[in-house]
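Each residue takes its place number in the sequence, starting with 1.
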Amino acid sequence: MSTSAPSPAAPDGTLPIEAPLCVDSDAALHWEWRCDVLVVGYGAAGAASAIAAREAGAGTLIVERFDGGGATARSGGIIYAGGGTAQQHRAGYADTPAAMFRYLQMECGSHGGNGAVSDATLQRFCDDSRGLIAWLESIGVRFDSDPAFEKTQPKTSYPKDGIYLYYSGNEAVKEYAAVAEPAPRGHRVRGSFLSGRTLFEALRARVEALGVRVLRQSGVRRLVVDRQGAVLGAELWQLPPDSKAAARHRRLMRRAEMLHNVAPGYADRLRAQALALENAAAVKVYARAQRGVVLSTGGFIFNRPMVAAHAPKYAMTMRLGATGCDGSGIRLGQSAGGAAARLDKVSAWRFINPPSVWPQGIAVDAHGQRFCNEQVYGAKLGVTMCEHHDGRAWLLLDARLRRQAIREALFGGLWAFQSIPALFLMLFAPRARSVEALAAKIGLPAGALRQSVEQYNDGARRKQDALGKQSGYLAELAQPPYYALDISAASKAFPCPAITLGGLRVNETSGAVLDAQGRDIGGLYAAGRTAVGIASNYYVSGLSLADCLWSGRRAGQAAAAITPLQAAA
């Protein structure tokens with residue numbers, strides 16, 4: 001073993017990635033660890049990869065820079081699944097893989113010829129959906145459904161406890177419902193509050209039951225390749241277990257994750273301290289993967305330079321996820337010749353429900369023009385706002401809608417992360433007795449705003465909305481005063497969370513990372529948000545987690561199927 005040389009710490013704790021170490025043979029390095037499949041990153045995708053590889057008989061090792069869980073453990077624990085799951089049947093919904101496929105064709109882009117994955121891959125995902133839920137249940141994940149309770153629930157960004165099956169996307173929106181019979185496919189893991197931690201604990205229990213070893217506080221900074229470019233293993237920078245440095249590193253990171261949403265700048269300083277500690281105290285060791293390395297470290301929303309380079313329209317959004325979402329897996333793959341795609345694709349969550357009456361208002365841009373059907377899933381609204389309207393928007397309500405929304409925020413049993421920002425916006429929103437006066441207060445063209453309101457009101461009276469909003473979401477804005485809620489992406493009072501969707505291009509049959517010519521890179525695989533997948537065009541709640549689990553299992557099984565002789569060749 002050799003102690004690592006210190007290197008400058010990134011100001012936000014982003015892990016530095018180095019060019020691959022090229023060796024002539026196994027004998028050129030002392031390998032402290034040997035395994036069949038090495039999994040880099042321990043969230044949903046990494047856990048699924050490791051479980052699949054081990055169940056296929058491969059000796060498996062997980063390497064994790066922190067303690068595990070990643071963005072999965074901080075998520076709502078929603079799995080997008082359908083095609084006739086047991087939960088759908090119990091709730092009285094008749095869904096089919098074909099209907100799920102037609103709906104996801106629109107979300108994933110293939111319906112318009114710009115699919116994130118091929119139709120064949122999307123069809124396999126839909127066909128496997130029931131089996132994915134059954135597999136999760138087999139390892140202890142619990143789902144549920146209560147038809148009497150759930151069918152009465154309004155559209156929501158995240159359901160209350162007791163709601164475990166709901167419409168988590170655009171299924172009921174007119175343009176989507178015309179293509180596929182609507183069915184709820186948001187399968188929430190049964191648990192209290194955000195269920196992502198519950199999901200990850202079940203995955204971790206299965207990893208432990210299978211005897212898979214996990215090296216925590218071990219960051220992979222470069223890959224090891226042979227002269228032909230095939231990946232042999234990885235170089236790890238590991239904090240000595242049970243050391244003072246490891247204990248301090250763990251405290252810093254727990255505090256950073258806990259405070260990120262309320263004090264992101266301070267959290268970044270804590271991350272930088274943690275990285276400096278890694279640079280100073282970590283020990284450099286090497287892990288040999290006889291069959292393959294699976295990269296599953298998440299996306300790159302926490303890497304500011306990457307976001308600025310590839311998705312600058314989302315630079316003002318709130319980073320959602322965990323510190324490990326810094327693009328390290330993507331950068332590792334690129335360092336070995338892997339090609340990346342769709343790095344400009346981001347999901348920005350501008351949810352305006354609950355309160356359930358907010359979508360009855362109208363969203364307007366900086367020109368005072370209405371730009372989106374307010375009924376749609378929050379990410380569709382947020383992406384439209386960021387992509388085409390400079391991330392600026394206001395939600396207009398009249399006195400009646402505001403009054404109803406305040407009552408729901410106070411007494412409707414909403415989550416605090418839903419009710420408190422909504423109340424803050426409504427209590428301090430600019431208001432005026434006329435639309436023209438309101439426009440002057442927020443700096444919008446008065447004529448354009450008046451026209452937007454009048455056109456909307458006319459459609460509400462006729463129950464025919466110009467942007468396709470269903471009649472149940474239409475309400476004439478006629479009771480002054482009028483209120484303008486700032487729902488812009490840069491809002492501090494009403495943050496717009498975002499995750500990245502693009503990643504390394506992979507072989508859609510195996511998850512093998514592809515080079516610029518579309519050829520498999522020997523010994524290298526990717527899964528989850530490190531790879532281009534089902535959710536890499538547009539996102540609805542649960543689609544990323546479902547893709548992480550599905551693609552993780554695919555990569556783990558494929559890597560395990562490679563014999564050491566094939567890997568050497």
Side-chain angles (χ1 to χ4, degrees), residues 76 78-89 91-133 143 145 150-151 153-159 164-188 342 345 347 349 351 353 359 372-384 467-470 472-473 501 508 532-551:
I78 307 297
I79 310 297
Y80 194 89
T85 65
Q87 292 74 25
Q88 288 177 319
H89 282 302
Y93 295 98
D95 193 20
T96 65
M100 182 181 177
F101 170 76
R102 289 194 301 272
Y103 168 75
L104 286 179
Q105 268 191 313
M106 296 187 69
E107 295 292 5
C108 298
S110 58
H111 187 74
N114 188 33
V117 297
S118 68
D119 278 353
T121 297
L122 183 61
Q123 187 67 67
R124 285 197 300 273
F125 174 77
C126 295
D127 290 341
D128 292 347
S129 188
R130 287 173 295 181
L132 179 65
I133 293 295
F143 300 94
S145 61
E150 291 167 358
K151 286 193 175 183
Q153 299 307 300
K155 181 72 174 171
T156 182
S157 60
Y158 189 73
Y164 298 106
L165 178 68
Y166 74 115
Y167 285 95
S168 64
N170 292 303
E171 299 87 357
V173 176
K174 183 178 179 180
E175 61 188 287
Y176 296 87
V179 173
E181 182 70 21
R185 300 191 184 98
H187 289 63
R188 179 184 165 202
R342 297 182 178 268
K345 292 293 186 178
S347 181
W349 300 356
F351 288 107
N353 49 25
C372 192
N373 175 351
E374 296 80 11
Q375 177 192 355
V376 298
Y377 178 70
K380 188 172 180 66
L381 176 61
V383 169
T384 302
L467 297 185
K469 190 156 64 173
Q470 292 176 335
Y473 289 91
L501 303 178
E508 293 183 11
V532 171
I534 304 295
S536 292
N537 199 43
Y538 293 109
Y539 170 92
V540 294
S541 288
L543 193 58
S544 182
L545 272 181
D547 185 34
C548 285
L549 295 163
W550 186 74
S551 65

**Message:** Hydrogens and angles aside, do Q123 and D127 bring a side-chain donor and acceptor to less than 3.5 Å of each other?
**Reply:** yes

**Prompt:** For A99 and A180, which heavy atoms make the closest approach, and how far apart are they?
**Reply:** O-CB, 3.3 Å

**Message:** Strictly distance-based, threshold 3.5 Å: is any side-chain N or O of Q88 a donor or acceptor partner for the main-chain N or O of P184?
**Reply:** yes

**Request:** State, without any angle test, whether S541 and Y158 hold a side-chain donor-acceptor pair at a distance under 3.5 Å.
**Result:** no

**Message:** Once rounded to the nearest 0.5 Å, what's the spacing between atom CZ of R342 and atom OG of S536?
**Reply:** 7.5 Å

**Request:** Output, in order, the C-alpha distance, side-chain angles, deciding distance and verdict of side-chain contact (heavy atoms from CB on, under 4.5 Å) for H187 and I133.
**Result:** CA-CA 9 Å; H187 289 63; I133 293 295; 4.2 Å; yes

**Request:** Locate the shortest heavy-atom distance separating S129 from A81; write the atom from each residue and the value.
**Result:** OG-CA, 3.1 Å

**Asked** Under the 3.5 angstrom rule, does the side chain of R102 hit a backbone N or O of V179 as a donor-acceptor pair?
**Response** yes

**Message:** Checking side-chain polar atoms at under 3.5 Å, does N537 have a donor or acceptor matched by the opposite partner on E107?
**Reply:** no

**Message:** Rounded at 0.5 Å granularity, tell me how far CZ in F125 sits from CH2 in W550.
**Reply:** 7.5 Å

**Message:** If I take atom OH from residue Y166 and atom CZ from residue R188, how far apart are they, to the nearest 0.5 angstrom?
**Reply:** 8.5 Å

**Asked** Between Q375 and Q470, is there a donor-acceptor pair closer than 3.5 Å when you use the side chain of the first and the backbone of the second?
**Response** yes

**Message:** The criterion is ring pair (Phe, Tyr, Trp, His ring centres under 6.0 Å); which residues satisfy it with Y167, sequence neighbours excluded?
**Reply:** none

**Prompt:** Considering residues at least two apart in sequence or located in another chain, which fulfil the side chain to side chain donor-acceptor pair (under 3.5 Å) criterion with R130?
**Reply:** none

**Prompt:** How far apart are the closest heavy atoms of T384 and C372, and which atoms are they?
**Reply:** OG1-SG, 4.5 Å

**Message:** Return the CE to OH distance between M106 and Y176, rounded to the nearest 0.5 Å.
**Reply:** 5.5 Å

**Item:** Check: R185/Y103 side-chain N/O donor and acceptor closer than 3.5 Å
**Value:** no

**Fill in**
Scanning both residues in full, the closest heavy-atom pair of L132 with A546 reads CD2-O, 3.9 Å

**Message:** Can you list everything that forms a side chain to side chain contact (heavy atoms under 4.5 Å, CB included) with S347? Sequence neighbours excluded, please.
**Reply:** W349, A379, I499, L501, Y539

**Short side-chain to backbone donor-acceptor contact, D547 and I534, under 3.5 Å** = yes

**Prompt:** Per the ring pair (Phe, Tyr, Trp, His ring centres under 6.0 Å) rule, which among Y80, F351, Y538 passes with Y377?
**Reply:** F351

**Message:** For P359, is there any backbone N or O sitting under 3.5 Å from a side-chain donor or acceptor partner on K469?
**Reply:** yes

**Item:** Donor-acceptor under 3.5 Å (T121 side chain, V117 main chain)
**Value:** no

**Prompt:** Is any side-chain heavy atom of N353 closer than 4.5 Å to a side-chain heavy atom of T156?
**Reply:** no

**Message:** Less than 4.5 Å apart, side chain to side chain, heavy atoms only: is that true for D119 and F101?
**Reply:** yes

**Prompt:** Just by modelled atom types, is the G82 backbone N or O under 3.5 Å from a matching donor or acceptor in the T85 side chain?
**Reply:** no

**Prompt:** For the atom pair CG (L543) and CD1 (I78), what is the distance rounded to the nearest 0.5 Å?
**Reply:** 12.5 Å

**Request:** Enter the distance from K380:NZ to N373:CG here, rounded to the nearest 0.5 Å.
**Result:** 9.0 Å

**Request:** Give the minimum heavy-atom separation between A91 and L165, together with the two atoms involved.
**Result:** CB-CD2, 3.8 Å

**Fill in**
Heavy atoms of G83 and D95 approach each other most closely as N-OD2, 2.9 Å

